[in-house]
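Only one structure is covered here, and it is reproduced in the block below.
Lettering of chains follows the sequences in order, A, B, ..., and the numbering in each one begins at 1.
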Amino acid sequence: MAAKYWLVKSEPDVFSWDDLKKSKNQTTYWDGVRNYQARNFLRDEMKKGDLVLFYHSNTEPLAVMGVCEVVREGYPDFTQFDPDNDHYDPKADPKNPTWFMVDVKLKKEFKHPVTLDEIKSNPKLKNLKLIQRGNRLSVMPVTKGEFEEIVKMGN
DNA sequence: GCCAACGTTGGC
DNA sequence: GCCAACGTTGGC
């Protein structure tokens, strides 16, 4: 099974590329996703070895910072059961968890972060879900071609 | 800080 | 099951 390609958004105020760099083994768990479509990707579709573009949303610079690799496949997001956590979900049932997460590890830092403007002005990326109107998914699939184009732009 | 777009909630 | 109201996202 060939690896798949993904793009995840993170607000750098919450968790930035630098935070990932400083994490133990440059690996982190991707917690706090509370959207069913994104949850399904995390739970069912993301597999070990899949490659993930890491995008900074909401705060400058709006850009893809680099590439991560999935190192642990979907497992229950423990923050849903923690009342002190921002992502606590009082309806979540430990026996049948609602929300899932994966672990990702830093694989490659772009020499040149690929900004939203650059993505928008590249005709090869015009179908990228990220730039489609009103898209609010925090985890989304990208095609191999889109992935390779962004990696090329980052080097 | 604004606001368009969207997902979720809840009354009916 | 519809749909209005509401809250959140995220670019500008």
*asked:* Among residues 74-90 of chain A, which ones have heavy-atom contacts with DNA chain C below 4.0 Å?
replied: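 Per residue number, the list is empty: none.
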To the nearest angstrom, how far is [X] atom [atom1] from [N] atom [atom2]?
X        : N      : atom1 : atom2 : result
A:Leu116 : C:dC12 : CG    : P     : 6 Å
A:Asn35  : B:dT9  : CG    : P     : 11 Å
A:Leu62  : C:dC12 : CG    : P     : 7 Å
A:Gln37  : B:dC6  : CD    : C1'   : 11 Å
A:Gln132 : B:dA5  : CD    : C1'   : 14 Å
A:Arg39  : B:dT8  : CZ    : C1'   : 14 Å
A:Ile119 : C:dG10 : CD1   : C1'   : 14 Å
A:Asn58  : C:dT8  : CG    : P     : 14 Å

*Are A:Glu148 and A:Lys152 within salt-bridge range, i.e. N to O under 4.0 Å?*
no
*State which of C:dC12, B:dT9, C:dG10 makes the closest approach to the side chain of A:Lys120.*
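The nucleotide sitting nearest to the side chain is C:dC12.
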_Quick check: is A:Met101 connected to A:Val70 through a chain of hydrophobic side chains (ILVMFWY, heavy atoms under 4.5 Å apart)?_
no
*Ring centres of A:Tyr75 and A:Trp99 under 6.0 Å apart?*
no
*Min side-chain heavy-atom separation A:Thr98-A:Lys91 under 4.5 Å*: no
Any side-chain N or O of [X] below 4.0 angstrom from OP1/OP2 of [N]?
X        : N      : answer
A:Tyr36  : B:dC6  : no
A:Lys9   : C:dG10 : yes
A:Arg136 : C:dG10 : no

*Atom of A:Glu118, atom of A:Val114 and distance for their closest heavy-atom approach*: OE1-CA, 3.5 Å
*asked:* I'd like to check the side-chain contact (heavy atoms from CB on, under 4.5 Å) partners of A:Thr27; sequence neighbours left out, ordered by chain and number.
replied: A:Asn25, A:Val71, A:Asp103, A:Lys105
*Could you go step by step and tell me if A:Leu62 and A:Tyr55 meet the side chain to side chain contact (heavy atoms under 4.5 Å, CB included) rule?*
CA-CA 7 Å; A:Leu62 300 169; A:Tyr55 174 74; 3.7 Å; yes
